[in-house]
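Single-structure report; data block below.
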Amino acid sequence: MPFPTDLEIASKATLRPLAEIAEMAGIPADALEPYGRGAAKVSLDAIEAMADRPKARYVIVSAITPTPFGEGKTTTTVGLGQAFQHIGRSATIAIRQPSMGPTFGIKGGAAGGGYSQVVPMELFNLHFTGDMHAVTAAHNMCAAMVDSHLFHGNDMGLDLHNITWRRAIDMNDRALRNITLGLGGRLDGIPRESGFDITAASEVMAALALCTGLHDLRERFGRMVVGYTKAGTPVTAEDIGVAGSMAVIMREAVKPNLLQTLENTPALVHAGPFGNIATGHSSIVADQVGIRTSDFLLTEAGFGADMGAERFFNIKCRNSGLAPDAAVLVATVRGLKAHSGKHKIVAGKELPEAILAENPEEVHTGGDNLRKQLENMKMHGVTPVVAINAFPEDHAADLAAVREIAEEYGARSAVSTHFADGGRGALELAEAVAEAAKEPSQFQLLYPDEATIKEKIEAVATKVYGADGVDYSNAANKQIATFTDNGFGHLPVCIAKTHLSISSDPTLKGAPTGWTLPVREVRASVGAGFVYPICGEMRTMPGLGKEPAAKSIDIDSDGNIVGLS
């Protein structure tokens, strides 16, 4: 019998009333704002109301540098959260909200998979509680006000060729990457070039993930730079009078969402910033709620540890003041074999047969990537646990090779079958994480606030990525100088690069050495609170493939969703 689809598994889930889930987590009943039967908003009043409850052990879930298929961070986060109840402990998970663009594209949804999912998965992956739409509306409200400001005289002196605020939509649509605005008659606006980004790439989304409350979010909106004058002076959303309206649009969206897993573990789902040019993690306010709900709070960071975990440590933790007690590093046999450089893996196509053959030597060769990511965890003072996300076709010798690599670095490891077996498949992992979290936290940031922008970039490039140094374009040097002069030098850096390699070259696998990080451009998300150097081509608006998931998603004769994955 074939293994059931994620949707088939989710449709048979036995959900408990969310009031019971909230009570189990210690969330006050009056802080729960039901949103239909499957989800609820949690009022931020809960943070203060729960302040006297003990703090959970704070655990980040990251991974090796992923293949196009991903290594299963979300599924591992959910499975591990479910496993704790089987060893007599409690856990809450905190994960990002998915974008509908990838849901209808190649990637599919982001609720986990198999018997380790957040449910209802249809609600989770589509529309949800409207947060994504609120981000889109707030972003486009700002864009509309920029063009209105231009039309009515441009009192702030915005340079038409240096307006940085684009528009946003929560869909993959390559035709919107570059557009011309204001075409038509005299009353239709000022013609200029612009474009659309996917909503997950919006600075509004990044600010939502990093804010500590509604008033903090309002202040971040005020600092958002929409463009520059010809003299290089930044013009903000506050300057054009739109920051307050943006905050009003986001008034409900700032509240995290409560759902549950297939095994009724509490799940806080909130925010979904892009993992390439933004921080790629769920919100600080969700963690502020979750940290008082259970024995363990598990939160996920996007892409490999060189990207998601580094940003989690140096941007999210810097803003929240929370310090992780342990880290889970997800690895797969197939992922490590891919890092041997001997296989070509293409998203949407079957894995090559050779990668499924028993070959522990190949695991050890590709294991350089795991070794470097373990180093990246340890340089931040965080105790890592290697979660070996096992597939039915994995060979015992290959799994043993992954354990050997972890042991070389003094890290605990556990083979986990949570996809097929739910929480019971992650018991060994739960025990290992519980032990790791007992060790005294030695957490440390990679660089201080007062370091220069270049010092911050070079710290990440040389220490985390393993680069020999950094090469700046003339444009990047000028932008860094401008940002420093404008008072943005204290901000942390969020380096935008490929997620398919620790380096800036997606073709380099394992842990490349002897290379230099090329910084071709530097931008600033001042409201969100970081500077982002761009290394290579970064798409902020994905396109649909030839056979997107959208072709398979439909409604059956009974009105049920089919084809969602």
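Counting from 1, the numbers follow the sequence of the chain as shown.
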(request) Among K497, R311, K372, find the one that has a salt bridge (Lys or Arg N to Asp or Glu O under 4.0 Å) with D306. (result) K497
(request) Could you verify whether a donor N or O on one side chain and an acceptor N or O on the other, from T540 and D197, lie under 3.5 Å apart? (result) yes
(request) Check whether any side-chain N or O of R174 sits under 3.5 Å from a backbone N or O of L544 as a donor-acceptor pair, and report yes or no. (result) yes
(request) Keeping to residues at least two apart or across chains, list the side-chain hydrogen bond (donor to acceptor under 3.5 Å, both in side chains) pairs with something in residues 179-192. (result) D147-R192
(message) Can you tell me how far apart CZ (F530) and NZ (K316) are? Round to the nearest 0.5 Å.
(response) 13.5 Å
(request) Return yes if a side-chain donor-acceptor contact under 3.5 Å exists between T236 and D239, otherwise no. (result) yes
(message) Please check this pair: side chain of S148 against backbone of A144, looking for a donor-acceptor N/O pair closer than 3.5 Å.
(response) no
(message) Looking only at side-chain N and O atoms, does N369 offer a donor or acceptor that is under 3.5 Å from a partner on T65?
(response) yes
(message) Let me confirm one number: the CD-CE distance from E310 to M377, rounded to the nearest 0.5 Å.
(response) 11.5 Å
(message) I need the L258 CG to H270 NE2 distance, nearest 0.5 Å.
(response) 12.5 Å
(request) Over 60° means perpendicular and under 30° means parallel, so classify the ring planes of H139 and W165, tilted if in between. (result) parallel
(message) Check this for me: Q444, atom CD, are more than 12 non-hydrogen atoms of other residues, nucleotides or ligands nearer than 6.0 Å?
(response) yes
(request) Side-chain contact test, heavy atoms from C-beta onward, threshold under 4.5 Å: evaluate it for L210 versus H281 and give yes or no. (result) yes
(request) Examine the side chains of E300 and T74 and answer whether a donor and an acceptor come within less than 3.5 Å of each other. (result) yes
(message) If we check side chain to side chain contact (heavy atoms under 4.5 Å, CB included) with Y472, which of these qualifies: Q479, K454, R520, K478?
(response) K454
(request) For R166 and F196, indicate whether the former's side chain and the latter's backbone hold a donor-acceptor pair under 3.5 Å. (result) yes
(request) Determine yes or no for a side-chain-to-main-chain donor-acceptor pair under 3.5 angstrom, with S501 supplying the side chain and L508 the backbone. (result) yes
(request) To the nearest 0.5 angstrom, please state how far the CG atom of D368 sits from the CD1 atom of I502. (result) 9.0 Å
(message) Between N125 (side chain only) and A110 (backbone N and O only), is there a donor and an acceptor less than 3.5 Å apart?
(response) yes
(message) Looking at G341, is its backbone amide N or carbonyl O close enough to the side chain of K344 to form a donor-acceptor pair, meaning the two atoms are under 3.5 Å apart?
(response) no
(request) Among V470, T462, T452, find the residue that satisfies the side chain to side chain contact (heavy atoms under 4.5 Å, CB included) test when tested with I457. (result) V470
(request) Taking atom types as modelled, find out whether N314 and H380 have a side-chain donor-acceptor pair closer than 3.5 angstrom. (result) yes
(request) Over 60° means perpendicular and under 30° means parallel, so classify the ring planes of Y465 and W515, tilted if in between. (result) parallel
(request) Indicate yes or no for a side-chain donor-acceptor contact from N140 to the backbone of A168 under 3.5 Å, with no hydrogens or angles considered. (result) yes
(request) Could you walk me through whether Y228 and N486 pass the side chain to side chain contact (heavy atoms under 4.5 Å, CB included) test, one step at a time? (result) CA-CA 11 Å; Y228 295 83; N486 283 323; 4.2 Å; yes
(request) Check the side chains of T507 and D505 for a donor-acceptor pair under 3.5 angstrom, ignoring hydrogens and angles. (result) yes
